Amino acid sequence: MFEPAVVVLRWVQMTAAMILFGSSLFFLYAMPRAGPGAAGALRWPRPVLIASAVTVLVACSLGFLAQTAVLAGSLHDALQPDALNAALTGMSFGRSSLVRAAVAVLLLATSGFRGSARTAWWRAALAGGVICASFAWMGHGAATRGAGGLLHLASDIVHTLAAGVWIGALVAFFVLLITDHRHGDQERRAVHAALHGFSGLGSGLVAVLVATGLVNGWFLVGLPSLPHLLTTFYGQLLSLKVLLFLGMVGLAAANRFHLTPALDAALRKPSETRSVVAALRRSLVVETGLAIAVLALVAWLGTLAPPLAA
């Protein structure tokens, strides 16, 4: 009965961690350092990042207990000191959960979100990056043995970090657009500059995700299993994940080549700004929804045996 809880809590952890990591970086590289369009001048960034850190802490603690209950057979047995100690010190999911909880507590209990905005963003980005990297020890990334083990682990970490940069930026863009009614011309120009600047970075992220995805697929699926991939449940979920990712790429391309230039033109014609912002908002709602669905599939796939391990 705890298996679905394990999947859901993995999904919640990954989503929150990627928001913590990617949104913090977004505030640093995409938003102005100062002025009306700066992230530090907005009310919502710090609460969003604090909520993300709290969510990571709660979800990883509950996720650790749920995973331990699956292995022990019941929650009662999982709460026994011997079982907790064995899971926490002897299993990779336990050690990675401890890292995530410790980093989240350190960020929340110290001055992680105090001080200047940019300092807070750097602290949150560093903490989020460590948390995202730790997910490699919660799935299949750290399970490969032999000469290719280090390559697979590194590829899984880079894949997760690249996904975090993308998803964190999506969430930040989404909140910026749903709060557009509070913005003046300067804030809207800052949003356009961020969209335009992210376009080039987004292309690089897609390339990294594809390359690392192929490396991970090589270790988990392998060429001999490709013809029969859709006959397995793992292969069906993986294929769905790829389709959703392609949908995200398509929407990102539409934003880059159509909606972002349209916003630039609309800023010179204020009467058209509202409709363009609404179109961008709809596109980002769908793209963010696809991203959240992809993360749900990743969380599920991490609990299943891949073809090469079956």
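All of these numbers come straight from a predicted model, not from anything done at the bench.
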May I ask you to decide if [Y]'s main-chain N or O and [X]'s side chain share a donor-acceptor pair within less than 3.5 Å?
| X | Y | value |
| --- | --- | --- |
| Gln13 | Val56 | no |
| Thr232 | His228 | no |
| Ser155 | His152 | no |
| Arg118 | Gly40 | no |
| Thr288 | Val285 | no |

Show the nearest heavy-atom pair for residues [X] and [Y], with the distance to one decimal.
| X | Y | answer |
| --- | --- | --- |
| Arg95 | Thr89 | NH1-O, 3.0 Å |
| Ser23 | Gly168 | OG-O, 2.8 Å |
| Phe27 | Ala172 | CE2-CB, 4.2 Å |
| Trp166 | Ala252 | CZ2-CB, 4.1 Å |
| Ala291 | Ile167 | CB-CG1, 3.9 Å |
| Ala104 | Ile131 | N-CD1, 4.5 Å |

Is there a path of hydrophobic side-chain contacts, each under 4.5 Å between heavy atoms of I/L/V/M/F/W/Y residues, joining [Y] to [X]?
| X | Y | value |
| --- | --- | --- |
| Val208 | Leu244 | no |
| Leu75 | Val70 | yes |
| Val286 | Leu170 | yes |
| Val158 | Leu214 | no |

- [ ] Dump the intermediate steps for side chain to side chain contact (heavy atoms under 4.5 Å, CB included) on Leu201 and Tyr29, then the final yes or no.
- [x] CA-CA 10 Å; Leu201 176 61; Tyr29 69 77; 3.5 Å; yes
TODO: Would you check, one step at a time, whether the test ring-ring contact (aromatic ring centres under 6.0 Å, His included) holds for Phe26 with Phe173?
DONE: CA-CA 9 Å; Phe26 177 85; Phe173 276 130; 4.7 Å; yes
Task: Set of side-chain contact (heavy atoms from CB on, under 4.5 Å) partners for Leu259, sequence neighbours left out - done: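 Partners of Leu259 by the side-chain contact (heavy atoms from CB on, under 4.5 Å) criterion, ordered by chain and then number, come out as Asn255, Ala279, Leu280, Ser283.
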Does either side chain, that of [X] or that of [Y], offer a donor lying less than 3.5 Å from an acceptor on the other one?
| X | Y | answer |
| --- | --- | --- |
| Thr119 | Ser116 | yes |
| Ser97 | Arg100 | yes |
| Ser203 | Arg256 | yes |

TODO: Can you spot which of Val277, Leu42, Leu284 makes a side chain to side chain contact (heavy atoms under 4.5 Å, CB included) with Leu176?
DONE: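 Output: one option passes, namely Leu42.
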TODO: Before giving the answer on side chain to side chain contact (heavy atoms under 4.5 Å, CB included), spell out for Asp156 and Phe219 the whole-Å C-alpha distance, their side-chain angles and the decisive distance to 0.1 Å.
DONE: CA-CA 11 Å; Asp156 203 13; Phe219 284 105; over 6 Å; no
Task: Candidate pair Leu107 and Leu20, rule side chain to side chain contact (heavy atoms under 4.5 Å, CB included), full reasoning - done: CA-CA 11 Å; Leu107 183 64; Leu20 182 65; 4.1 Å; yes
TODO: May I have the step-by-step check of side chain to side chain contact (heavy atoms under 4.5 Å, CB included) for Val298 and Phe135, ending in yes or no?
DONE: CA-CA 11 Å; Val298 171; Phe135 291 129; over 6 Å; no
Task: Residues in ring pair (Phe, Tyr, Trp, His ring centres under 6.0 Å) contact with Phe233, at least two apart in sequence or another chain - done: Trp300
Open item on the list: Is any side-chain heavy atom of Thr68 closer than 4.5 Å to one of Phe93?
Closed with: yes
Task: Side chain proximity check, His159 to Val215, heavy atoms < 4.5 angstrom - done: no
